[in-house]
There are 2 protein chains.
Amino acid sequence: MPGETANPASVDRIYDAVRELAASYAIKPDERINEGSLAKSLGASRTPVREALNRLVAEDLLVFHPGKGFFCRALDPQQIFDLYELRVIIEEAAVTLACERAEDSDIEALRLDLMTNGLDYEGKSVKELVAYDEHFHQTLVSLSGNGELVKRLRNINARIRFVRWFDMEQRISVTRGEHRELMDQLAKRDAAACRNILRGHIEKRLDQIIAFARAGYSALYLPDSQGPLTGSPLIASSGR
Amino acid sequence: MPGETANPASVDRIYDAVRELAASYAIKPDERINEGSLAKSLGASRTPVREALNRLVAEDLLVFHPGKGFFCRALDPQQIFDLYELRVIIEEAAVTLACERAEDSDIEALRLDLMTNGLDYEGKSVKELVAYDEHFHQTLVSLSGNGELVKRLRNINARIRFVRWFDMEQRISVTRGEHRELMDQLAKRDAAACRNILRGHIEKRLDQIIAFARAGYSALYLPDSQGPLTGSPLIASSGR
DNA sequence: ACATACAGTCCTGTATACAGATAAATATGC
DNA sequence: GCATATTTATCTGTATACAGGACTGTATGT
């Protein structure tokens with residue numbers, strides 16, 4: 001890619017960039033965002049930056065304290081639990097609807113995608129694995145035909161992505177098998193079986209995930225190249 | 001509170017005001033929002049107005065077309081259907097969790113609230129009835145203990161409020177009875193019964209609601225004091 | 001008469017400037 | 001030496017200014 005020259009049509013670009021920073025916790029929990037530095041580092045002025053920040057506040061990826069400015073969302077175990085619970089609710093409902101409505105061809109396309117891109121995890125980074133996992137579940141939910149479910153899951157995924165990076169390291173092979181079985185049952189239109197697989201698939205991880213969220217603050221503050229966050233662009237390098 | 005005189009700490013105030021306008025379709029579907037007029041009518045400048053508008057875009061109450069500006073969301077039957085479907089999903093899941101987790105005292109408090117404020121619908125406007133209905137369902141979902149479910153429902157309610165104004169006119173008494181029965185079953189912790197009541201409660205209305213959404217554009221454009229939108233402050237009065 | 005080109009106007013998108021507030025750092029008194 | 005008061009600097013919140021593009025209406029040509 002030879003481009004991204006500088007600024008054109010900047011607000012969406014800024015939005016994407018900051019969303020990435022917030023999702024990956026490259027901006028640390030509860031860290032204040034310096035609008036000036038951020039604007040300079042993105043090659044724009046504060047005005048469009050603030051517009052993007054406001055959108056992210058509405059998505060709960062950032063929080064806003066009047067008079068203080070914008071902050072990264074906290075790493076709140078209760079909230080992470082709530083999000084996982086919501087994720088189960090949405091995916092169970094979506095797969096049930098998919099059993100009723102999805103076209104055979106769409107189901108087959110997802111299975112093929114899984115076989116092609118979802119099974120060989122050798123040589124891939126954790127980030128890439130999580131990215132595929134998100135893609136798989138996102139496509140699965142889209143088979144429900146309900147665009148709102150898709151949007152909700154997209155928001156959830158952005159907000160728990162960081163946790164899943166740590167979770168994924170231990171459960172790759174399990175994930176793989178469960179995805180395959182899910183597709184088998186979906187092809188048979190067995191909604192109850194699909195729901196059971198999904199619930200187990202997600203909920204089995206909850207305990208360790210919550211434990212991580214409680215204890216795992218520290219991992220966020222290790223130097224660099226600790227954990228799966230290798231090469232994340234850091235933000236606040238303002239020499240102050 | 002003796003005030004809110006004019007402008008202080010304006011962004012939240014603007015956000016609330018525009019959210020109200022968008023939810024009630026005082027800004028018509030697909031209508032462009034003139035930032036200058038809106039800013040003037042709210043006694044602020046364009047900058048904070050745009051910040052509020054961006055938040056509402058992230059909540060899908062408005063849409064943004066680059067180079068064109070901000071528009072009210074369209075009245076899309078498919079999307080309304082999706083939102084009702086999502087609402088059923090969330091409320092069913094929430095009531096199931098509430099059966100497991102809610103305190104007896106909280107359930108009793110909601111029942112009392114229903115008996116006190118939710119039963120006498122004489123002399124109340126449709127808007128007030130819908131407002132209480134929203135409040136009831138919102139509190140019900142909060143009994144699940146999952147804050148994300150509450151937030152999601154809040155967004156859904158804002159986006160389908162307008163449709164419910166029309167729906168409510170025909171179904172007040174039914175609503176009343178179903179709410180009571182729901183509270184009875186919730187007190188008995190009968191999750192399956194609660195789910196059935198809720199699903200029926202919401203889904204029974206879908207057909208007429210979709211029909212309205214398809215045909216009902218016209219109702220939005222009637223003079224004033226037609227339908228339940230009496231006295232809504234209109235927006236684009238820019239003498240151009 | 002209809003379509004197309006043109007010009008003027010309005011509005012958006014972004015940068016910048018300024019005022020108020022917050023937090024930090026220094027100095028002062030006990 | 002520690003706590004408190006005061007000053008200083010930085011940053012947020014908002015208004016305003018300006019440039020580029022979109023739309024409306026008119027005029028011209030076929």
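Within every chain, numbering begins at 1; the chains are lettered A, B, ... in the order of the sequence lines, protein sequences first and strands thereafter. Treat the numbers as computed from the prediction; the structure is a model and nothing was measured.
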Participant: Below 4.0 angstrom from OP1 or OP2 of C:dT22, is there any side-chain N or O of A:Arg32?
Facilitator: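 Checking C:dT22 against A:Arg32, no side-chain N or O comes under 4.0 Å of OP1 or OP2.
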Participant: Mind calculating the distance between CD1 (A:Ile33) and C1' (D:dG13) to the nearest angstrom?
Facilitator: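 Whole-Å distance recorded here is 16 Å.
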Participant: Using a strict heavy-atom distance below 4.0 Å, which residues from residues 46-53 of chain B are in contact with DNA chain C?
Facilitator: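 Heavy-atom cutoff 4.0 Å gives B:Arg46, B:Arg50.
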Participant: Going by atom types alone, do B:Asn157 and B:Arg164 pair a side-chain donor with an acceptor below 3.5 Å?
Facilitator: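 The answer is yes; a qualifying pair exists.
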Participant: Taking CG from B:Asp12 and P from D:dG13, how many angstroms apart are they, rounded to a whole number?
Facilitator: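 Between P of D:dG13 and CG of B:Asp12: 10 Å.
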Participant: Give the rounded distance in Å between these two atoms: CD1 of B:Ile14 and C1' of D:dT14.
Facilitator: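 In whole Å, D:dT14 C1' lies 10 Å from B:Ile14 CD1.
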Participant: For B:Lys40, what residues pass the salt bridge (Lys or Arg N to Asp or Glu O under 4.0 Å) criterion, not counting sequence neighbours?
Facilitator: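 Partners of B:Lys40 under the salt bridge (Lys or Arg N to Asp or Glu O under 4.0 Å) test: none.
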Participant: Nearest to the A:Phe70 side chain among D:dA15, D:dG13, C:dT12, which nucleotide is it?
Facilitator: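 For the A:Phe70 side chain, the nearest candidate turns out to be D:dG13.
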Participant: Could you check whether atom CZ of A:Arg101 has more than 12 heavy atoms from other residues, nucleotides or ligands sitting under 6.0 Å from it?
Facilitator: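 Yes, the 6.0 Å shell around CZ holds more than 12 heavy atoms from other groups.
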Participant: Can you tell me how far P of C:dG13 sits from OH of A:Tyr15, to the nearest Å?
Facilitator: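 So the two atoms are 17 Å apart, to the nearest Å.
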Participant: Atom CG of A:Leu38 to atom C1' of C:dA15: distance rounded to whole Å?
Facilitator: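 Rounded to the whole Å, the gap is 16 Å.
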Participant: Is the count of non-hydrogen atoms from other residues, nucleotides or ligands lying under 6.0 Å from B:Lys151 atom NZ greater than 12?
Facilitator: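 Yes, enclosed.
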Participant: To the nearest Å, give me how far apart CG (B:Asn34) and C1' (D:dA22) are.
Facilitator: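 Answer to the nearest Å: 14 Å.
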Participant: Nearest whole angstrom, please: distance from the C1' of D:dC11 to the CD of A:Glu31.
Facilitator: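 It works out to 15 Å between those atoms.
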Participant: Please assess A:His135 against A:Asn117 for the test side chain to side chain donor-acceptor pair (under 3.5 Å), listing each intermediate value before the final yes or no.
Facilitator: CA-CA 11 Å; A:His135 161 75; A:Asn117 308 313; 5.9 Å; no
Participant: Answer yes or no: does atom CD of A:Glu103 have more than 12 heavy-atom neighbours from other residues, nucleotides or ligands under 6.0 Å?
Facilitator: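 Check fails, neighbour count at 12 or below.
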Participant: If you assign A:Pro66 and B:Lys68 each to the DNA chain C nucleotide with the nearest heavy atom, which residue ends up on the more 5' nucleotide?
Facilitator: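 The residue mapped nearer the 5' terminus is B:Lys68.
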Participant: Between A:Glu51 and A:Arg55, is there a salt bridge with N-O shorter than 4.0 Å?
Facilitator: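 Judged by the 4.0 Å cut-off on N to carboxylate O distance, A:Arg55 and A:Glu51 do not form a salt bridge.
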Participant: Let me know the distance between NE2 of B:His65 and C1' of D:dG21, rounded to the nearest Å.
Facilitator: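 Atom-to-atom, B:His65 to D:dG21, this comes out as 17 Å.
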